[in-house]
Structures are given as structure tokens and as C-alpha cells.
Amino acid sequence: MAPTGTASQLNQAALERRVALQGKAGPMALVRNAKVFGIACFACLGGLLYGYNQGVFSGVLVMNSFSDHMGDYVQNQTKKGWLTAILELGAWLGTLYSGFLAEIISRKYAILVNTIIFIIGVVIQCTAVTSAGHNSILAGRFITGMGVGSLSMIIPMYNAECAPPEVRGALVGLQQLAITTGIMLSFWIDYGTQFIGGTGAGQKDAAWLVPLCLQLVPAVLLGAGISFMPFSPRWLEYHGRPAEARKTLASLRGLSQDDELIELEYMEIKAQALFEKRSIAEHFPQLADGSSWSIVKLQFVAIGSLFTTKPMLRRVALATITMFFQQWTGINAVLYYAPQIFEGLGLSSTTISLLATGVVGIAMWLATIPAVLYVDKVGRKPILVIGAIGMAFCHFTIAIITAKNQDQWPTHRAAGWAAVAMVWLFVVHFGYSWGPCAWIVIAEIWPMSQRPYGIALGASSNWMNNFIVGQVTPKMLTDLTYGTYIFFGILTFGGAAFIWFFFPETKGLSLEEMDVIFGSVGFAHADAERMREINKEVGLEDAVRGTSVGHNIDEKPISVEEKKEEDSD
């Protein structure tokens, strides 16, 4: 008899069975899965690299000894923009190759390769102390960006595939926390090292070489340690190594291979691997042989398929425009040029401006924590709208204060500090809203069979807009002054309007319901039918049927409207 329950219901039943066997999600679930939690923390050194690299250059740019080696690449605002933004151009390239690299050589070895690329880039940057000067910074930051961009996609994928479903959200959120930790550390390290040799003309080269070289510490640790980390069980299963997949899964969970919990989770992994293979065989039969060249071509062919129907184009627009607005809130203008911004707001001393920059890191780090805890309860749409309105208010307030006081900061110190406080409040609004939620949105709106390629497209929009913001901000701050904040404020308010009018709330929706609200029911229906057949084939349905706690997979699926009514209650 054909199964009558939906794939999402079966997944929910399997989840409830795991809860009955292992216990509920929450902080104690992390304790029960201490080995996986430790592996995720270690892998998130890649997120630390990402955040540190984003933040460290802002302090280096304003150091006197660095300026001595860069010449007009610090004085000329366009060239200064290239020194900063070249990292994002490399990261954009990294997002393009990360998917097939992780698929061909494994997530584990892809992390190793990109860590090596990152290390090479840092070493090249440090040669800027020689006559190479700005050429070393440009080349080194581009290469470092390649590693950072690729790691920013592969590490969350690796953590998610190693984690049990009960703690997956927390471990993926750990990546965002690692990024903000890196940003915070970089700001305070810059503040400390700028005193090497003094802050004036006698400043030593070590003032900027030390913070750049310190990037090597977590990178070397990650590169050396990842060799001892396990492969992703999902990758092993997908690449025809089922015995290793099951053994690795049991080791990660600290259970025997014949334990019922391992049996249940392994069947889910096997079903997912079969689903992806058969989806590729149906949509791209000429690329289903699993060869390295086919995997490379599949990335581009599959991305092209996202533009073939109106419902898919709607998702493409939502992902790319959301990432457009995320970057044009001006967040990376603040992260990259915070000392310059604070100097423009009346903090005349480099020391004081770097100190104020350090507070930016702390504020963003603290604001990220509640976002990870409450986004699934509150929903994406209200958080994004409230965050954007808050950021726009901060931009407009800074613009007003600057317009009235930019020619008289020395006698209006209180106004300068009020503007600085608005910058701090701005990063708080970003930290709980568009920082984590924009990435959640682009990860969950796609049909299962299109998800990897949709995420890659959204990420490429993020990095390309990040590059443009980094390139144009120095000249905007010089030529537009307070108009820069009006510009970012208008775009940020536009982001709030875009989410309010065009973004459907996706909190708690299943795959089928996601396709209903985007008007592409066929995608989800075909995916669900294929998944039902596979679940029955691998024995997952039999394992769950009659054993799930408080859930009947033959129940009639709840509609989107009914779920919304329940949420409103």
C-alpha cells in the first residue's frame, strides 16, 4: 500500500522518535552531544577567521606606519577602497568554487584546502613591509578572500551534516557567533597594537604586522586539526561509502552502530542521499554520472535552471535583493571604516576612534546571542522589518547631527558622542536582525532539490554587493559627508519596505507549504512524492510507523492558512 502521509510528517515523526530515544532539544542536548559540539566549535575557527579578517583592516588602515608603506593607496579614497574591497572580490570567487570543491574532495578536505589558501594570502599581505607595499596587500587580500568566502559556506554545511537534528540550529548559529567574536577580537587587538612605538610618526611596523600575522594562529590550528576531524557522514553516504558513514555517525553520537537511534538517523541520511541523486538524474540526466567534471558543470547548469519559471524567479529575486539590502544597510562600511567614521564624527584621536571601534565589536557580539535564541519563535519578517527601521533611524539621526556640527566638532563634543552612540545602536539593530536572518531566509526558501544552488546564488549577491560597498564608501565619506548616512538610511528603509510588502513569513513552514506560498506547487509535490518512495524503500517509514510518540503520519496535513491561524493564537 502506498504511503499516505507527507514527507514532512514522516520527518516530524522521525524527529519525535529521536526525542523519545535521546531527549529533547535545548542546552542539555548540547551536553549530551558534547563530541559533536566540540567538533563544531573547532570547525567554527573558520568563522572566527572570517570575522577577524573583516574587522582587522579597519584599524590597520588608520595606523601611521601602515600609511608609510602604502603611499597614496591610503590617501586616495578610490585606491583605499580597492585595498579594502579586493577581499570581497576574492570571496565572491570563493563562493563560486566552494560547492563543487566540497562535493569532489569532501567538506573536510575542502576546509583544509581553503585554510591553506587563506594562510598563503596572509603571508603575502605581511610582505607589504618590504618594497612590495600595496601590491602585496592587494594580492594577499584577494587570495585571503577566496579562502574566507569558501569557508563561510562550507563550514556551516559541515557542522549541519555532522550534527543531530536536535541541535543543528544551535550549531549552525554558532558560526554567526564565531564571526562576531572574530570581529570583536580584531577591533581590540588593533586598539592594543597601535601603541607599539607610539601612535605618531615613530610608530613601529609591528603595530599593523602583528594584527595581520595573528590571523595565522587560528588558521594554522584549523588546518592542522581538521585532518583529525571526521568526514561528514552524509558526504560518505552520498559517495558510496555506507559502512564508513554508519561507523562515523555512531562515533559522533557515542553509540554503537546497531543502536536504534543510529539506525533511524542513518536511514534518514541514506534517504536524503538517494533523493539528491535521483533529483539530479531527473533534472540533469547528462550530469548524473558523479564525475568531477559533471559536478563542476552541474553548479552552473543548476543555477541557470533557477531562472526558467516565474515562481523560481520570485525566489531568486527575494534571495538576491535581500542580500543586496543587507549589504547596503552600510554594515560593512562601518566594519571596514569605523575609525575613519568616528574621526569624521569628532573623535580626533586615533586612539579614541579605535577604542570606539572596539565597542562596535562588543555591541554586535552581544546582539547576536538573542537572535540565535528567538528567531524561530518571533519569526523572520518582524525581526527584519524592525531591525531595518531601527538602522534607518540611526542613519538619519547621524546625518542630522553631522550636518549641524561637522564644522564645529571641537566645541560640540557631546554631539559627536551622540553620533557615535547612534553607530553603536546601529550595529545592535543589525546584529539581531539582518546579520543572521538574511542568511536564514536565503537558506530556507528553496525546494530541496534546488537549495544548494539557490544558497550559492544568494551568497554571491552578498559578496558582490559587499565588494561594491567597500569600494565606494571612502569616497562617499569624503565627498558626501553626512549625505552618506542619508543614502544608507534611505536604502535601509527601502529594505524594510521590501520585506514588508514582498516577503512571506516562512517561520515553521514545511517544504510543501513553502512552495504553496511561492506559487510553485509542482516542485514541492514532485520532491515530496520522490521522498515518500525513497523513505519506503530504505525502510524509514516502517521504522517510524507505529513507534512515533504522539504523531500519526497518516493524519491529514495541516494547511498554510491553518498553521497561520494556530501561530496567531
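These values consider heavy atoms only, across backbone and side chains, with no hydrogens, waters or symmetry-generated copies.
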How far apart are the C-alpha atoms of Ser461 and Asn465, what are their side-chain angles, what is the distance that settles it, and do they pass the side chain to side chain contact (heavy atoms under 4.5 Å, CB included) test? CA-CA 6 Å; Ser461 171; Asn465 282 288; 3.4 Å; yes

Under the side chain to side chain donor-acceptor pair (under 3.5 Å) rule, collect the residues that match up with Trp235, sequence neighbours excluded. His239

Using modelled atom types only, decide if a donor and an acceptor are shared between the side chain of [X] and the backbone of [Y] within a distance under 3.5 Å.
| X | Y | value |
| --- | --- | --- |
| Thr322 | Ala319 | no |
| Gln406 | Ala403 | no |
| Ser150 | Gly147 | no |
| Thr402 | Ile398 | yes |

Could you pull out the closest heavy-atom pair between [X] and [Y], with the gap in Å?
| X | Y | answer |
| --- | --- | --- |
| Ala438 | Gln326 | CB-NE2, 3.8 Å |
| Val385 | Trp500 | CG2-N, 4.1 Å |
| Ser67 | Leu61 | OG-O, 4.1 Å |
| Thr193 | Ala207 | OG1-O, 2.8 Å |
| Thr95 | Gly149 | CG2-O, 4.0 Å |
| Arg107 | Tyr158 | CB-CD1, 3.8 Å |

Should [X] and [Y] count as side-chain neighbours, where that means a heavy-atom distance under 4.5 Å?
| X | Y | answer |
| --- | --- | --- |
| Ile137 | Tyr73 | no |
| Met184 | Met364 | no |
| Gln471 | Ile468 | no |
| Ile321 | Phe325 | yes |
| Ile400 | Tyr485 | no |
| Leu138 | His134 | yes |
| Leu49 | Leu45 | no |
| Val56 | Ile189 | no |

When you look at [atom1] of [X], are more than 12 heavy atoms from neighbouring residues, nucleotides or ligands closer to it than 6.0 Å?
| X | atom1 | result |
| --- | --- | --- |
| Lys79 | NZ | yes |
| Tyr482 | OH | no |
| Tyr97 | OH | yes |
| Phe393 | CZ | no |
| Lys204 | NZ | no |

Roughly how far, to the nearest 0.5 Å, is the [atom2] atom of [Y] from the [atom1] atom of [X]?
| X | Y | atom1 | atom2 | answer |
| --- | --- | --- | --- | --- |
| Leu112 | Ile105 | CG | CD1 | 7.5 Å |
| Lys404 | Ile401 | NZ | CD1 | 9.0 Å |
| Cys162 | Lys108 | SG | NZ | 10.0 Å |
| Thr84 | Asn466 | OG1 | CG | 10.5 Å |
| Leu209 | His69 | CG | NE2 | 7.0 Å |
| Ile226 | Ile111 | CD1 | CD1 | 4.0 Å |

For a quick check under 3.5 Å, do [X] and [Y] share a side-chain donor-acceptor pair by atom type?
| X | Y | answer |
| --- | --- | --- |
| Thr144 | Gln125 | yes |
| Thr329 | Thr492 | no |
| Thr181 | Trp365 | yes |

Taking the six-membered ring for Trp and the single ring otherwise, decide whether the centroids of [X] and [Y] are under 6.0 Å apart.
| X | Y | result |
| --- | --- | --- |
| His429 | Trp434 | no |
| Tyr50 | Trp463 | yes |
| Phe342 | Trp417 | no |
| Phe57 | Phe66 | yes |

Please work out whether the ring planes of Tyr191 and Trp188 are parallel, tilted or perpendicular, with thresholds of 30° and 60°.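 It falls in the perpendicular class, over 60°.
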
Determine whether Phe307 and Met312 satisfy the following criterion, side chain to side chain contact (heavy atoms under 4.5 Å, CB included), listing intermediate values before the conclusion. CA-CA 6 Å; Phe307 297 87; Met312 291 306 295; over 6 Å; no

How far apart are the C-alpha atoms of Val359 and Phe187, what are their side-chain angles, what is the distance that settles it, and do they pass the side chain to side chain contact (heavy atoms under 4.5 Å, CB included) test? CA-CA 8 Å; Val359 178; Phe187 285 164; over 6 Å; no

Output, in order, the C-alpha distance, side-chain angles, deciding distance and verdict of side chain to side chain contact (heavy atoms under 4.5 Å, CB included) for Ser460 and Leu457. CA-CA 5 Å; Ser460 72; Leu457 189 65; 4.3 Å; yes

